[in-house]
Number of protein chains: 2
Amino acid sequence: MTTRSSTDPTRVIPEATVARLPVYLRALTALADSGIRTCSSEDLATAAGVNSAKLRKDLSYLGSYGTRGVGYDVDYLRYQIAREIGVTQDWPVVIVGIGNLGHALANYSGFRSRGFRVVALLDADPGLIGQTVAGVAVRPFDELEAIVQEHDVAIGVIATPALAAQGVADRMVAIGITSILNFAPAVLAVPEGVDVRKVDLSIELQILAYHEQRKANGAGAAAAAAADGGAA
Amino acid sequence: MTTRSSTDPTRVIPEATVARLPVYLRALTALADSGIRTCSSEDLATAAGVNSAKLRKDLSYLGSYGTRGVGYDVDYLRYQIAREIGVTQDWPVVIVGIGNLGHALANYSGFRSRGFRVVALLDADPGLIGQTVAGVAVRPFDELEAIVQEHDVAIGVIATPALAAQGVADRMVAIGITSILNFAPAVLAVPEGVDVRKVDLSIELQILAYHEQRKANGAGAAAAAAADGGAA
DNA sequence: AGGAGTTTGTGAACGTGAGAACAAAATTGG
DNA sequence: CCAATTTTGTTCTCACGTTCACAAACTCCT
Ligand SMILES: NC(=O)c1ccc[n+]([C@@H]2O[C@H](COP(=O)([O-])OP(=O)(O)OC[C@H]3O[C@@H](n4cnc5c(N)ncnc54)[C@H](O)[C@@H]3O)[C@@H](O)[C@H]2O)c1
Ligand SMILES: NC(=O)c1ccc[n+]([C@@H]2O[C@H](COP(=O)([O-])OP(=O)(O)OC[C@H]3O[C@@H](n4cnc5c(N)ncnc54)[C@H](O)[C@@H]3O)[C@@H](O)[C@H]2O)c1
């Protein structure tokens, strides 16, 4: 039997839990902003849109930060989750591909407020170089190496067309970027040890379309089956 | 025992499989574009970035569309998946909130090419009304009802600030929209039978940050544990 | 026609995640 | 100080998802 304490850095937090921690963090921030100092697992679960048993189990992987009979101290729990995720420090981020989407991302204020700092905007199109978006200048893609080394960047965002994405990823990996957020509709091949997460609008829409089609077709027999594929 | 044939509309496709079908569809389109007529499960799995056993099991939920010893006919399989997802028909979509992100979405060509048609752009800001984005005029949010009824819209996209999102969702649900894609960092409450999918940039970055932190910390003891949280 | 080789479709084993249920630990009121 | 009440942390069970492994089914070559 191996028991792992909350200060043991080797303890493993399930991936499904990791994906929910940012949601809890946001919910706690909202509670704090509305002046609430303490909350029960039930309260927080409602705010985060999950089941309270699941919430408690998730939090138990981090440690024992609640008080039985009372609940959780909002600020304290928020700090503990932020520390666990690693957003008490600032993460430098580069964005590659400053087209429609890249512009929107560069303008997104939610970056800064959640522990991420855009240190550079890069594009291969000479026509864009020098332009300033949200106070950051667009620079040539070739400066990637210099920028990553200067700011010790570990996280890269790809917002180029799909065809360019693998090339950009290869270049990022070569200089030591180990986490990539990919908006291009392409499957990226990367070596072991590099994390890739993708955000794909059309996949999300197609998933919705699938369920939508079933709702429409199965109005008779499959109605029950369609409904439980259901909501939030 | 209940056996469900591929033509039985009540058969259930696991949610995890549904989420991968669009990826297969894209991979098949790429193969078709490069002139490939037939492919094995191994080929397609590589192109889609998944394990070939998983791919075969996923496809088996749709029916038996391959030929043993040969593989899959690219065009035929592509059509079958498209039909299953429901993207052989066009889905009308409305986008609400034409700010930074809404502009990018409206300009996104991947919508049209994958079976979705933007029938309206809506915003509450009078200053934006009348402006045209990608050939579609921005109209007042109040026209939502009329537009949804005219075009029989089932899918809505929310790209407003977080505070406005729940209100927009309520209004969408009230007129009969049953699928929502939400870009605002807010938990939406919707009735049973309405599907919500969320796309949240900062959650994705925070998940990357968590793994990044572990890679950095655990350089010694937790290296193995960190690595297997690892890559694609 | 028959055997060698290939590749699908699926049964079975394994691992991960969700939710119900409850004991343990705290508070509150008498 | 003790009993009643609240709420956490954890155990147990079930459902879902992944992967292996292989028989069945097909092609191709001789
Ligand atoms: N616009 C959206 O709402 C949206 C939504 C979902 C997905 N996407 C995807 O995001 C990506 C970007 O979309 P977009 O609408 O901004 O496209 P875009 O064409 O407007 O912008 C792409 C940018 O990438 C740059 N670029 C091209 N090759 C490059 C390279 N090798 N290195 C560096 N920069 C390079 C181009 O110069 C251009 O500025 C696409 O893959 C698209 O499919 C976009
Ligand atoms: N910009 C990004 O890259 C990005 C990334 C991730 C998430 N988001 C999220 O997406 C949302 C939009 O981001 P943005 O940068 O485009 O913001 P934005 O402020 O540029 O645009 C928001 C738009 O919504 C409109 N709006 C506000 N209330 C409305 C209402 N009740 N009905 C209809 N329209 C309304 C505003 O008029 C504005 O045009 C935000 O919730 C943001 O957190 C943005």
Side-chain angles (χ1 to χ4, degrees), chain A residues 1-6 11-21 23-24 28 36-74 76-77 80-81 207 225 228-232, chain B residues 1-6 11-21 23-24 28 31 36-74 76-77 80-81 207 225 228-230 232:
Chain A
M1 185 207 53
T2 357
T3 310
R4 305 191 188 263
S5 83
S6 74
R11 79 191 185 289
V12 168
I13 297 183
E15 197 53 37
T17 296
V18 171
R20 280 186 296 264
L21 291 179
V23 180
Y24 302 155
L28 284 166
I36 295 169
R37 313 293 302 261
T38 294
C39 68
S40 69
S41 63
E42 201 67 54
D43 298 338
L44 183 52
T46 302
V50 303
N51 174 302
S52 72
K54 183 150 64 176
L55 170 77
R56 287 199 300 278
K57 185 181 272 197
D58 284 341
L59 294 183
S60 76
Y61 291 114
L62 312 194
S64 213
Y65 297 130
T67 308
R68 293 172 191 224
V70 177
Y72 302 91
D73 181 284
V74 171
Y76 181 62
L77 183 58
Q80 293 299 340
I81 294 178
I207 295 169
D228 70 21
Chain B
M1 187 205 54
T2 357
T3 308
R4 305 194 188 261
S5 82
S6 74
R11 80 190 184 288
V12 167
I13 297 182
E15 196 53 37
T17 296
V18 171
R20 281 186 296 265
L21 291 179
V23 179
Y24 302 154
L28 284 166
L31 290 176
I36 294 168
R37 313 294 300 261
T38 294
C39 69
S40 68
S41 63
E42 201 68 53
D43 298 339
L44 184 52
T46 303
V50 303
N51 175 302
S52 71
K54 181 148 66 178
L55 170 77
R56 286 198 301 278
K57 177 151 280 193
D58 283 342
L59 294 182
S60 78
Y61 291 113
L62 312 194
S64 211
Y65 297 132
T67 309
R68 295 172 190 221
V70 177
Y72 301 92
D73 181 283
V74 172
Y76 182 59
L77 183 57
Q80 293 300 339
I81 294 178
I207 294 170
D228 71 13

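Everything numeric here is computed off the predicted structure, so don't read it as measured data.
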Which letter, B, S or -, goes with each nucleotide of nucleotides 5-12 of chain D from 5' to 3', with contact meaning a protein heavy atom under 4.0 Å? -BBBBBBB
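In terms of heavy atoms, B:Tyr24 sits closest to B:Ala48 at CD2-CB, 3.7 Å. Shortest non-hydrogen contact noted between A:Ile207 and B:Ala19 is CD1-CA, 3.7 Å.
To the nearest 0.5 angstrom, A:Ser41 atom OG is 11.0 Å from A:Leu77 atom CG. A:Ile13 CD1 to A:Leu21 CG: the interatomic distance, rounded to the nearest 0.5 Å, is 6.0 Å.
Checking A:Asp73 against A:Thr38 by side-chain atom types alone, no donor-acceptor pair falls below 3.5 Å.
D:dG17 atom C1' lies 10 Å from atom CG of B:Asp58, rounded to whole Å.
Using a distance-only test at 3.5 Å, with no hydrogens or angles considered, a donor-acceptor pair links the side chain of B:Ser40 to the main chain of B:Asp43. In terms of modelled atom types and a separation under 3.5 Å, the side chain of B:Thr46 and the main chain of B:Glu42 share a donor-acceptor contact.
A centroid separation of less than 6.0 Å is found between the aromatic rings of A:Tyr65 and A:Tyr76.
In 5' to 3' order, the nucleotides of DNA chain C bounding all contacts with chain A (an atom under 4.0 Å from a heavy atom) are C:dG17 to C:dT27.
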